[in-house]
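For reference, the structure is listed below as structure tokens.
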Amino acid sequence: MGKDNMLTVLNAGRKYLGVESLSGKVFLTSGLGGMSGAQAKAAIICGCIGVIAEVSEEALKKRHQQGWLQEYTPDLDVLIARIREARAKKEVTSIGYLGNVVNVWERLVEEYESTGDLLVDLASDQTSCHNPYKGGYIPVSLSYAQSQKLLAQDPAKLKPLVEESLRRQVLAINRLANAGLYFWDYGNAFLLEARRAGADVSGKQVAEGADTTFRYPSYVQDIMGDIFSLGFGPFRWVCTSGDPEDLQKTDLIAAEVLESICQEGIPERIRQQYTDNLRWIQQAGKHNMVVGSQARILYSDQEGRVRLALAFNQAVRTSHLKGPVVISRDHHDVSGTDSPYRETSNVYDGSAFTADMAVQNFVGDAFRGATWVAIHNGGGVGWGEVMNGGFGLVMDGTEDAAYRASLLLNWDVANGVARRAWSGNDNAEATITRSMTQDQRLKVTLPHHADQTLISRALDSA
Ligand SMILES: NC(=O)c1ccc[n+]([C@@H]2O[C@H](COP(=O)([O-])OP(=O)(O)OC[C@H]3O[C@@H](n4cnc5c(N)ncnc54)[C@H](O)[C@@H]3O)[C@@H](O)[C@H]2O)c1
């Protein structure tokens with residue numbers, strides 16, 4: 001999941017900074033692990049300078065050998081000199097730092113205070129903060145090996161060190177954010193855990209009990225929530241033949257599908273999404289991001305997903321592809337996940353704290369003929385904080401597969417868009433209204449908007 005979302009989010013960095021291109025901009029983050037490893041690649045694709053701290057030598061070297069991380073150093077002086085040079089030359093690169101991210105943050109504060117140079121423009125964090133006290137976050141006072149040892153021998157002693165490290169990290173972030181840096185939470189529960197550790201990340205609470213607001217935005221509240229509300233999310237497919245040629249063919253088919261949807265006419269509201277996604281799928285093959293299964297992720301909306309699935313099915317039927325294609329999506333999507341600290345953090349009507357969307361999604365997909373479905377707790381932000389529903393559907397070239405795909409995918413997306421519309425999101429309301437005109441069988445109750453003057457009057461007299 002990480003890389004596609006990271007791409008979307010980094011591109012949104014353009015919006016934060018009010019620039020057309022991220023050229024010469026520095027993006028600081030941490031983690032080169034399972035998902036976080038994609039950050040280095042995403043920085044390159046987005047044309048900026050990625051600086052990624054990683055405490056584990058093994059994880060860092062793996063990304064370097066893979067070609068996703070261009071260079072690295074264990075020396076902070078060298079790192080700072082490289083950041084200055086890359087900024088001056090507007091290089092497109094990813095620079096790893098073998099060490100703790102807190103060291104980088106604190107050094108950047110020193111640089112700012114001594115020279116006035118703010119060397120970082122955008123920043124986030126991708127340590128495993130959903131599980132900070134069991135090895136997910138390495139405290140700055142320990143090396144990676146020392147931390148692992150303490151975790152095994154005396155885990156209770158690790159907790160205060162992690163808390164102190166999180167507080168130090170936030171102190172430095174706050175200092176640079178006051179100077180103009182843009183920081184956001186990238187769905188690893190960093191702000192939640194930092195707050196629990198006593199760091200100053202408090203924000204203005206938007207509703208009673210809905211303590212999901214922080215000093216910094218979560219990327220869902222700020223960017224992804226609106227994208228999900230338009231029905232766009234990480235649709236994915238796997239070529240079961242395992243043949244890279246099949247994946248290439250599906251990329252071409254996908255580009256043709258997106259091009260024809262654009263030619264037929266799309267609302268202005270979603271034009272940018274289609275343009276970005278088309279560019280991604282036209283270039284995806286070049287970036288060599290496939291590790292393992294011949295799989296691809298392409299952000300798509302309801303119409304896009306259905307048409308992609310049907311086009312793949314047709315290609316299987318005519319033997320243009322060597323084997324069936326499995327369609328699915330990430331849990332981090334429009335409808336599949338109820339997670340008040342991530343996927344549903346921009347749902348402000350209180351329903352973010354229920355799990356009904358994921359459950360309805362799972363049950364609805366099962367009834368519409370998914371090959372398999374899943375419902376589970378814990379993905380991403382941690383156990384007890386999230387409920388996820390998911391599906392897989394094998395497109396084997398038959399009429400039956402095509403029928404199931406169109407039933408299931410329409411439900412799978414519209415279910416969440418409707419829910420987001422009820423919570424007052426404009427994009428979602430426009431999207432579900434459009435879906436109802438595209439499919440007359442779909443009947444969704446539209447939200448009734450409260451009269452703001454009545455609300456203000458009631459609040460004044462309260
Ligand atoms: N937003 C999304 O789309 C998305 C997607 C996937 C995962 N996530 C979340 O992102 C987090 C990372 O996921 P992952 O699969 O990469 O986990 P991971 O554990 O494989 O990788 C995290 C890396 O961070 C490093 N690290 C820990 N503390 C550090 C520190 N203080 N300084 C520098 N490096 C440090 C670890 O050594 C590790 O390699 C998780 O919390 C996960 O839930 C978010």
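For ligands, and for the atoms within them, numbers begin at 1 and follow the listed sequence.
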Checklist line | G37 N/O to ligand 1 N/O under 3.5 Å | finding: no
Check: Looking only at non-hydrogen atoms, which of H332, H130, R342, Q148 approaches atom 41 (O) of ligand 1 most closely?
Finding: H130
Checklist line | Close N or O approach (Y186, ligand 1; < 3.5 Å) | finding: yes
Margin query: Between R63 and E54 (salt bridge meaning N to carboxylate O under 4.0 Å), is one present in this structure?
Written below: no
Next item on the list: Would you mind checking if D412 and R368 are paired as a salt bridge, meaning a charged N to carboxylate O distance below 4.0 Å?
Entry: no
Next item on the list: Would you mind finding which of Q169, Q126, M224, R63 brings a heavy atom closest to atom 8 (N) of ligand 1?
Entry: Q126
Next item on the list: Give a yes or no on this: more than 12 heavy atoms of other residues, nucleotides or ligands lie within 6.0 Å of atom CD of E57.
Entry: no
Check: For atom 24 (O) of ligand 1, which candidate among G187, G31, A53, A59 holds the nearest heavy atom?
Finding: G31
Check: With a cut-off of 4.0 Å, which atoms of ligand 1 are near a heavy atom of C129?
Finding: 41 (O)
Checklist line | N or O contact, I138 vs ligand 1, cut-off under 3.5 Å | finding: yes
Next item on the list: Please determine if Y137 has a nitrogen or oxygen closer than 3.5 Å to a nitrogen or oxygen of ligand 1.
Entry: no
Notebook entry, point to check: Any salt bridge between R271 and E268, counting N to O under 4.0 Å?
Noted result: yes
Next item on the list: Output the list of atoms in ligand 1 that are nearer than 4.0 Å to some heavy atom of G99, sorted by atom number.
Entry: 33 (C)
Checklist line | Pair R87 + E111, salt bridge at N-O below 4.0 Å | finding: no
Next item on the list: Run the ring-centre check on F190 versus Y216 and record whether the distance is less than 6.0 Å.
Entry: no
Check: Taking NZ, NE, NH1 and NH2 as the nitrogens, is one of them in D185 or R342 under 4.0 Å from a carboxylate oxygen of the other?
Finding: no
Notebook entry, point to check: Do Y112 and W105 have ring centres separated by under 6.0 Å?
Noted result: no
Check: Which is closest to atom 11 (C) of ligand 1 by heavy-atom distance: T127, L166, V162?
Finding: T127
Check: Do any nitrogen or oxygen atoms of Y144 lie less than 3.5 angstrom from nitrogen or oxygen atoms of ligand 1?
Finding: no
Checklist line | For G136, atoms of ligand 1 separated by under 4.0 Å from a heavy atom | finding: 27 (C), 28 (N)
